[in-house]
Amino acid sequence: MNRYQQYIDGEWCDASDGQTMTSINPSNEEPWAEFPAASEADVNRAVESARRALYEGPWGSITATQRGKLLSRLAALVREKALYLGEIETTDSGKLARETRAQTAYVGDYYDYFAGLADKIEGKTLPIDKPDMHVFTTRVPIGVVAAVVPWNAQMFLAATKLGPALAAGNTVVLKASEVAPATMFEFARAIEEAGFPPGVVNVISGSGEPCGRALTSHPGISRVAFTGGPETAARVVANTASNFAVVSLELGGKSPILVFDDADIEGAVNGIVAGNFGASGQSCVAGSRVFIQSGIYNEVLAELENRARRIVIGDPLDDATQVGPLATRMQVERITQAMSEVASQGASIRFGGGRPKEFPKGYYVVPTIVECPHQEVTTMREEMFGPVMSALRFDTEDEGVALANDTRFGLGAGVFTENVARAHRVSAKIRSGIVWVNTYRAISPIAPFGGFGMSGYGREAGLDAIEDYTRSKTTWINISSEPMSNPFVMR
């Protein structure tokens, strides 16, 4: 049993009340790691540590260029440790090792990107309408940031929060998920090794109550960056009613993929497979609502079934594996329940729909294709967070767009067409924060990431993200040689 400690004020420590939680290896359902369950006292200590580091310690006085150099050092360490960090994440969450290793290495680019922006946060001189006044603005850190990350893609999602937060000069309390948090504790070692002063980044773990509630409602928190589900997000927003923290929410979705008759079929099938079975379907941008135009519907679906039959299910640490286990038993049970409902809803399971017989242990689900006559099927409406795709036929472009937009979510979308005019028309009409045309699941530190509707608000990554972690401060300087005029004499 691996035993982890939380990282507060530059020190490794257990929970103040000794409470712990256990992580289950999803591939064999056996306990493999133990970690602290942070108490409210631990949260208070972490927030106070972050406040001291910002307002009393060295972090608030070092230059922006120095902050950038520390982030660059962190980027290099993340790349150096990518193999190890990736395999820890795989053991903890069940995600494929070849994906976790590659994603962790790429995360270094995010820290490098924000390292380069650290000393490019600029203010303005205002052409003020008052004589003898010099007025300018500066961008200042917003304060202590509560970064709440889920278990899936945690290195990436931590980088989209820590990168701009630290570049802008804030301090951070990072709450790892109560599901599979081991990678965040290992990552904290890289933060320590990079040379960040104590308290600048604190890493804790725990359940929503008390840890999540105490953190997001804490009066010392000025900014909350949350990734998770809409139900938890509603509680987070309610928590911030008492501290007025600025909030950004990335809440996942139920993303559509539109495939038109003129699409390159091989490319479209690859995009659908990536959007549904990549990461074993455990992706916030999973393109699990697949709309295929009638002229190629049968051909595309037949090829998707053929591809699904050939997918290699197995040990996530084996590089030959293409789909591994899900992270929790609850996900398997949710999918199993949805599969039991589809027939009564008029849909049919074309392939999959159950657990693989060769894996009696582990949270495995066979890659599944559900043919739907309408969008009122459970698998069409609800986020499955597993390798389940739902397919529906459409006839016209307008119908396809209407189907794509018929959802309460709006994070990602895919469009496959060889018609450039159609690509522009359709992508402009789809209500989502990201639209991929003839590709899917592409990311970059340069490109903003975020959604509409129940997929949340705010944007992560990109140039604008860094301003979301600052406030504008206005300074007025009287440059007249005369004293300030009598306020009771009006002129």
Side-chain angles (χ1 to χ4, degrees), residues 7-11 46-81 107-126 134-147 158-174 187-203 220-223 225 245-246 248 445-446 448 459-477 479:
Y7 184 64
I8 299 176
D9 201 19
E11 298 178 350
V47 175
E48 290 308 312
S49 165
R51 287 181 61 81
R52 283 195 305 274
L54 180 58
Y55 300 117
E56 302 171 23
W59 187 249
S61 58
I62 70 171
T63 67
T65 301
Q66 288 174 304
R67 294 199 301 265
K69 288 179 178 179
L70 283 169
L71 281 167
S72 291
R73 174 65 177 147
L74 181 61
L77 286 169
V78 166
R79 292 190 188 96
E80 288 175 17
K81 298 174 184 290
V107 158
D109 288 10
Y110 280 78
Y111 290 112
D112 270 337
Y113 176 77
F114 288 110
L117 289 177
D119 56 5
K120 314 218 172 24
I121 305 170
E122 301 174 343
K124 300 175 182 177
T125 299
L126 305 181
H134 177 63
V135 182
F136 61 91
T137 64
T138 50
R139 306 293 305 189
V140 298
I142 199 167
V144 178
V145 176
T160 62
K161 297 168 177 59
L162 265 64
L166 296 175
N170 302 278
T171 54
V172 180
V173 178
L174 187 151
F187 171 60
R189 301 184 195 282
I191 292 169
E192 184 177 46
E193 189 177 342
F196 286 88
V200 173
V201 180
N202 304 271
V203 180
I221 293 294
S222 300
R223 172 86 159 81
V246 177
S248 61
I446 303 167
R459 293 295 180 267
E460 296 185 317
L463 186 62
D464 293 343
I466 204 160
E467 289 205 349
D468 289 344
Y469 287 88
T470 64
R471 288 192 189 278
S472 179
K473 180 176 182 178
T474 305
T475 302
W476 292 69
I477 300 178
I479 59 174

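One is the number of the first residue; the rest follow in order along the sequence.
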Enquirer: For residues Pro445 and Asp109, report the shortest heavy-atom separation together with the two atoms involved.
Expert: CG-O, 4.0 Å
Enquirer: Can you tell me how far NZ of Lys69 sits from CG of Asp119, rounded to the nearest 0.5 angstrom?
Expert: 9.5 Å
Enquirer: Inspect the surroundings of NZ in Lys473 and state if more than 12 heavy atoms from other residues, nucleotides or ligands are less than 6.0 Å away.
Expert: no
Enquirer: Output yes when a side-chain donor or acceptor of Asn170 lies under 3.5 Å from a complementary backbone atom of Tyr469, and no otherwise.
Expert: yes
Enquirer: When you compare the side chain of Leu74 with that of Phe187, does any pair of heavy atoms fall below 4.5 Å?
Expert: yes
Enquirer: Thr171 vs Arg52, test: side-chain contact (heavy atoms from CB on, under 4.5 Å). Steps then yes/no.
Expert: CA-CA 9 Å; Thr171 54; Arg52 283 195 305 274; over 6 Å; no
Enquirer: Stepwise, does the side-chain contact (heavy atoms from CB on, under 4.5 Å) test hold for Leu166 with Arg67?
Expert: CA-CA 7 Å; Leu166 296 175; Arg67 294 199 301 265; over 6 Å; no
Enquirer: Is the number of heavy atoms from other residues, nucleotides or ligands under 6.0 Å of Arg471 CZ greater than 12?
Expert: no
Enquirer: Is the closest side-chain heavy-atom distance between Leu162 and Ile191 below 4.5 Å?
Expert: yes
Enquirer: Tell me the closest heavy-atom pair linking Ala75 and Tyr111, and the distance in Å.
Expert: CB-CB, 3.8 Å
Enquirer: Start with the C-alpha gap between Ser248 and Arg223, add the side-chain angles, then the distance that decides, and say whether side-chain hydrogen bond (donor to acceptor under 3.5 Å, both in side chains) holds.
Expert: CA-CA 8 Å; Ser248 61; Arg223 172 86 159 81; 2.9 Å; yes
Enquirer: Indicate the atoms forming the closest heavy-atom contact of Ala190 with Leu77, along with that distance.
Expert: O-CD1, 3.5 Å
Enquirer: Atom CZ in Phe114, atom OG1 in Thr160: separation rounded to 0.5 Å?
Expert: 7.5 Å
Enquirer: What pair of heavy atoms forms the shortest contact from Ala159 to Val107, and how long is it?
Expert: CB-CG1, 3.7 Å
Enquirer: Can you tell me how far apart CD1 (Ile8) and CD (Glu48) are? Round to the nearest 0.5 Å.
Expert: 12.0 Å
Enquirer: Under 4.5 Å between any side-chain heavy atoms of His134 and Thr125, yes or no?
Expert: yes
Enquirer: Under the 3.5 angstrom rule, does the side chain of Arg459 hit a backbone N or O of Pro448 as a donor-acceptor pair?
Expert: no
Enquirer: Classify the ring geometry of Trp59 against Phe196: parallel below 30°, tilted from 30° to 60°, perpendicular beyond 60°.
Expert: tilted
Enquirer: Which atom names give the shortest non-hydrogen contact between Val144 and Gly220, and what distance separates them?
Expert: CB-O, 3.5 Å
Enquirer: Supply the atom-to-atom distance Ile142 CD1 to Ile221 CD1, rounded to the nearest 0.5 angstrom.
Expert: 11.0 Å
Enquirer: Write down the atom of Ser72, the atom of Ala115, and the distance for their closest heavy-atom approach.
Expert: OG-CB, 3.4 Å
Enquirer: Using a 4.5 Å cut-off on heavy atoms from C-beta on, say whether the side chain of Thr474 contacts that of Thr137.
Expert: yes
Enquirer: Could you measure the distance from the CD atom of Glu193 to the NZ atom of Lys81? Nearest 0.5 Å is fine.
Expert: 4.5 Å
Enquirer: Output the distance between atom CZ (Arg73) and atom CG (Leu70), rounded to the nearest 0.5 Å.
Expert: 10.0 Å
Enquirer: For Glu122, does its backbone N or O pair with a side-chain atom of Arg139 as donor and acceptor, under 3.5 Å?
Expert: no
